[in-house]
Amino acid sequence: EFEFITPPDTNVVGGHDLIIKVRYPGGEECEIPVKLVVTEDVIVPNGKDDIPDNYVKVIVDYTDKAKLEDGEKVRKEYWVNPNKKVLIPAKTPNPIDGFSFTEWTTGEEGVNLQNFDMTAVHQFETETVITARYMPKPTLTVKQLFSDGSEKLPEESKKIEYNSKIQNP
């Protein structure tokens, strides 16, 4: 059996040098220095991280319909602890012109596509791809009809974008 001489602080990520006292069945005791490594439950790899062997990959795919900041990638990779429920720290995408972000999904189109709530905690036991979905924004052009029956697009016309369906009376 053993006991910690230096108690571990598992709330602080990183390596901790500890000392444990080991008691052998014959009554002999000795103190042994050990290193305890505490790892985040969600790791954003930066090339320097040691990712535990049991962690699983979660990919967030913003797709080509997202405006990306300098250095951002379309597909962002996270490694997560499969034994914990975690929150993936992905941000809501900023869509390119002409599109609206609608939802996050997992699975394949037409096979097992499911909505995914990015604001909730989830447990990931296998590699998962979370994909952003978008919808084209409808456009409406208003033409001016004159009493002679001719049509003319107003010189100072405005493009109006609607987020809801337009119904004809």
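Index from 1, following the sequence.
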Side-chain heavy-atom pair [X], [Y] within 4.5 angstrom cut-off:
| X | Y | value |
| --- | --- | --- |
| V121 | V86 | no |
| P33 | L18 | no |
| F116 | T105 | no |
| Y62 | K91 | yes |
| I88 | V60 | yes |
| P93 | L68 | no |
| V74 | D61 | yes |
| K21 | C30 | no |

Do [X] and [Y] share a hydrophobic cluster (ILVMFWY, side-chain heavy atoms under 4.5 Å, transitive)?
| X | Y | value |
| --- | --- | --- |
| M118 | V44 | yes |
| F2 | I5 | no |
| V80 | I59 | no |
| V34 | Y24 | yes |
| L87 | I130 | no |

Go through it in stages, so that I can follow the logic: the residues are Y55 and D41, the test is side-chain contact (heavy atoms from CB on, under 4.5 Å), and I'd like the CA-CA distance, side-chain angles, deciding distance and then a yes or no. CA-CA 9 Å; Y55 274 38; D41 290 328; 4.1 Å; yes

Note: P89 and V42 closest approach over all heavy atoms is CD-CG1, 3.9 Å

When rounded to the nearest 0.5 angstrom, what distance separates [atom1] in [X] from [atom2] in [Y]?
| X | Y | atom1 | atom2 | answer |
| --- | --- | --- | --- | --- |
| N83 | N54 | CG | CG | 6.0 Å |
| Q123 | N81 | CD | CG | 8.5 Å |
| E77 | I51 | CD | CD1 | 7.0 Å |
| F99 | N94 | CZ | CG | 13.5 Å |
| K137 | S100 | NZ | OG | 4.5 Å |
| N115 | W104 | CG | CH2 | 13.0 Å |

Is the number of heavy atoms from other residues, nucleotides or ligands under 6.0 Å of E28 CD greater than 12?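 Incorrect, the count does not exceed 12.
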
Are more than 12 heavy atoms, taken from residues, nucleotides or ligands other than K84, located less than 6.0 Å from that residue's NZ atom? no

Please confirm whether the backbone N or O of [Y] pairs with a side-chain atom of [X], one donor and one acceptor, at under 3.5 Å?
| X | Y | result |
| --- | --- | --- |
| Y78 | V56 | no |
| E103 | A132 | no |
| T128 | T126 | yes |

T102/R133 under side-chain hydrogen bond (donor to acceptor under 3.5 Å, both in side chains): CA gap, chis, key distance, verdict: CA-CA 6 Å; T102 55; R133 299 285 176 180; over 6 Å; no

Tell me if the centroids of the rings in W79 and F124 come within less than 6.0 Å of each other. no

Honestly, is K65 close enough over Y134, meaning NZ or CZ under 6.0 Å from the six-membered ring centre and within 45° of the axis? no

Kindly determine whether T119 and D117 satisfy side-chain hydrogen bond (donor to acceptor under 3.5 Å, both in side chains), including the steps that lead there. CA-CA 5 Å; T119 63; D117 183 358; 2.5 Å; yes

Verdict with reasoning, T131 to T106, per side-chain contact (heavy atoms from CB on, under 4.5 Å): CA-CA 6 Å; T131 305; T106 59; over 6 Å; no

Test: E72 and K67 ion pair at under 4.0 Å: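 Here E72 does not pair with K67 in a salt bridge, since their nearest N and O are not under 4.0 Å apart.
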
